[in-house]
Student: 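Below: one structure in structure tokens.
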Protein chains: 2
Amino acid sequence: MRVSRDQAAQNRARIIEIAGQQFREKGFDGIGVADVMKSAGLTHGGFYGHFNSKDDLIAEACAAAMALSVRRWTSLSEASPDDALGAITQSYLAGDAHGEGQMSGCMMAALAPDIARRGGPVRSRFTEGTKALLDILVNAVTGRSKARQREKAIAIMAGLVGTVVLARAVDDPDFAREIKRVGAEVFGRDAE
Amino acid sequence: MRVSRDQAAQNRARIIEIAGQQFREKGFDGIGVADVMKSAGLTHGGFYGHFNSKDDLIAEACAAAMALSVRRWTSLSEASPDDALGAITQSYLAGDAHGEGQMSGCMMAALAPDIARRGGPVRSRFTEGTKALLDILVNAVTGRSKARQREKAIAIMAGLVGTVVLARAVDDPDFAREIKRVGAEVFGRDAE
DNA sequence: ATTATCTATAGATCTATAGATAATGC
DNA sequence: ATTATCTATAGATCTATAGATAATGC
């Protein structure tokens, strides 16, 4: 039942990708190692050939999901050079509406509080990703100084994360829509 | 070992209060029924005389924590009638810094993504609380129309939640401080 | 020969229940 | 007599490990 080195590397990458999706959808404690492996078409026991522990996988999945967001924001910025902020916020807030659910959405909005409760590698990988995303936003907004741009970018990032977090948690669809509409208007425009 | 009806009611209230703190600190899956009961000075088996299930406790703890936030925001508004927004945001963002940790902080910032993954009573109790908090903020901001006030209040609430969520998740203390400083400046002032 | 994966299981943990106990409240 | 709480445990689930298997790569 052994596979080639290339195949094993692909298997590892697929485990990380699937884990990232399942974690965002169900939470770190909402999905077990055995089910992640099953979704990847592998068996439970094989997991520990790829990772030292579930925490190890969580750190890798976190880093990979953040890296994917960085690539998406970068390509959105390049595709809309005159309204990078609008393109990013629209993409960011439209995710849920398009029925993709949280599994393909932002790691920050899906798991930041859970990441805060974990230590070590998970948090540091997440922090790197957060800084990288922030840098993209800094270049997507205007400001009389770099410091002012950074200030705006931080507020927008917090606003976007809070918007998605609240809209998802709320039970009332109309209220959720209202939250997202306001989020798009307030944080998607490069005011002042 | 039986206690009076009054004592039993107090025990129930204490279980809810302690559960609310532990859930915020460790997550819904991070603390078990047995440990909550132990913290309340009771035994595991007694739990099911007070609640039908852990989910039932989660809903009660969620509602109680939101109600406490509503009372706090209300009294802050009344104590600072000319800068209710500033008083609320300062209190909201200062929590972590004062070493209180998340256990006494905001339910939205600590558990909103986990609440989004749960169904039924937990989400509806949370939604009620969120609407009540929003109403307080609406009255704490100015605007040429009620609709504009509400829009500002929603953006501020999302901004505050996102600020706390990101500042907590991030590994770098300087970065966390920067996020909270910006959040206080941008969302704590009744601009425009 | 090495190693990626598989089967099987140990050990821990967690929710929920069953039945016993003892103090309250009619 | 009722009932709030306790002790003990069933049943499920989850992480991690041990040992076997079979195809790769030197």
Side-chain angles (χ1 to χ4, degrees), chain A residues 1-23 25-62 111 114-115 117-122, chain B residues 1-23 25-62 111 114-115 117-122:
Chain A
M1 289 290 186
R2 190 193 164 195
V3 301
S4 72
R5 291 184 158 213
D6 251 30
Q7 186 60 251
Q10 283 182 18
N11 286 349
R12 182 188 155 93
R14 196 167 70 257
I15 295 168
I16 291 172
E17 189 196 345
I18 289 174
Q21 293 174 353
Q22 307 253 40
F23 287 149
E25 195 179 347
K26 305 180 177 181
F28 293 132
D29 293 332
I31 183 81
V33 164
D35 282 327
V36 168
M37 291 299 279
K38 196 173 184 180
S39 295
L42 298 166
T43 56
H44 181 184
F47 177 83
Y48 294 89
H50 289 290
F51 306 96
N52 291 324
S53 65
K54 187 181 182 183
D55 239 63
D56 187 9
L57 171 65
I58 289 174
E60 294 297 326
C62 203
L111 288 163
D114 295 278
I115 288 166
R117 295 186 188 97
R118 295 188 173 260
V122 182
Chain B
M1 290 289 189
R2 189 191 166 198
V3 301
S4 72
R5 291 186 158 208
D6 251 29
Q7 185 59 250
Q10 284 183 17
N11 286 348
R12 181 188 156 93
R14 196 166 70 257
I15 295 168
I16 291 172
E17 188 196 345
I18 288 173
Q21 294 174 353
Q22 307 254 40
F23 288 150
E25 195 179 345
K26 306 180 178 183
F28 293 132
D29 293 331
I31 183 81
V33 165
D35 282 326
V36 168
M37 291 299 279
K38 196 172 184 181
S39 295
L42 298 166
T43 56
H44 182 185
F47 176 83
Y48 294 90
H50 290 289
F51 307 95
N52 291 324
S53 65
K54 187 181 182 183
D55 239 64
D56 187 9
L57 171 65
I58 289 175
E60 294 297 326
C62 202
L111 289 163
D114 294 278
I115 289 166
R117 295 186 188 98
R118 296 189 172 259
V122 182

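Each chain gets a letter, A, B and so on, in the order the sequences are listed, and its residues count up from 1. Values below: all heavy atoms of this structure, side chains included; hydrogens, waters and symmetry mates excluded. Owing to the predicted nature of the structure, the values given are computational and were not obtained by experimental measurement.
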Student: Can you give the dot-bracket line for DNA chain C, where a pair is Watson-Crick or G-U wobble with both atom distances under 3.5 Å, crossing pairs use [ ], and | marks a partner on another strand?
Tutor: ||||||||||||||||||||||||..

Student: Could you list by number each residue of residues 6-14 of chain B showing a heavy-atom separation from DNA chain D of less than 4.0 Å, or answer none if no residue does?
Tutor: B/A8, B/N11

Student: Classify A/G45 by what it touches in the nucleic acid, base, sugar-phosphate, or nothing, heavy-atom distance under 4.0 Å.
Tutor: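 Since a base atom lies under 4.0 Å of A/G45, the category is base.
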
Student: When you get a sec, tell me which of D/dT5, D/dA16, D/dG25 is the closest nucleotide to the side chain of A/Y48?
Tutor: D/dA16

Student: Select from B/F28 and A/G46 the residue whose nearest nucleotide in DNA chain C is closer to the 5' end of that strand.
Tutor: A/G46

Student: Is A/S4 touching bases, backbone alone, or none of the nucleic acid, heavy atoms closer than 4.0 Å?
Tutor: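 Result for A/S4 = sugar-phosphate.
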
Student: When the distance from CZ of B/F47 to P of D/dT9 is rounded to whole Å, what number comes out?
Tutor: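 Value for this atom pair: 22 Å.
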
Student: Please state whether the base of D/dT2 and the side chain of B/R2 form at least one donor-acceptor pair under 3.5 Å?
Tutor: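 Result: at least one qualifying N/O pair found.
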
Student: Do A/F28 and A/I115 come within less than 4.5 Å of each other through their side chains, counting heavy atoms only?
Tutor: yes

Student: Within the side chain of A/D56, is there an N or O that forms a donor-acceptor pair under 3.5 Å with the backbone of A/N52?
Tutor: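 Yes, A/D56 side chain to A/N52 backbone: donor-acceptor pair under 3.5 Å.
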
Student: Let me know, please, whether B/R5 or B/D35 comes out on the 5' side of the other along DNA chain C by nearest nucleotide.
Tutor: B/D35

Student: Hey, could you give me the CD/CZ distance between A/E25 and B/R117, rounded to the nearest 0.5 Å?
Tutor: 9.0 Å

Student: So does B/H50 get a side-chain nitrogen or oxygen closer than 4.0 Å to the phosphate oxygens (OP1/OP2) of D/dT5?
Tutor: yes

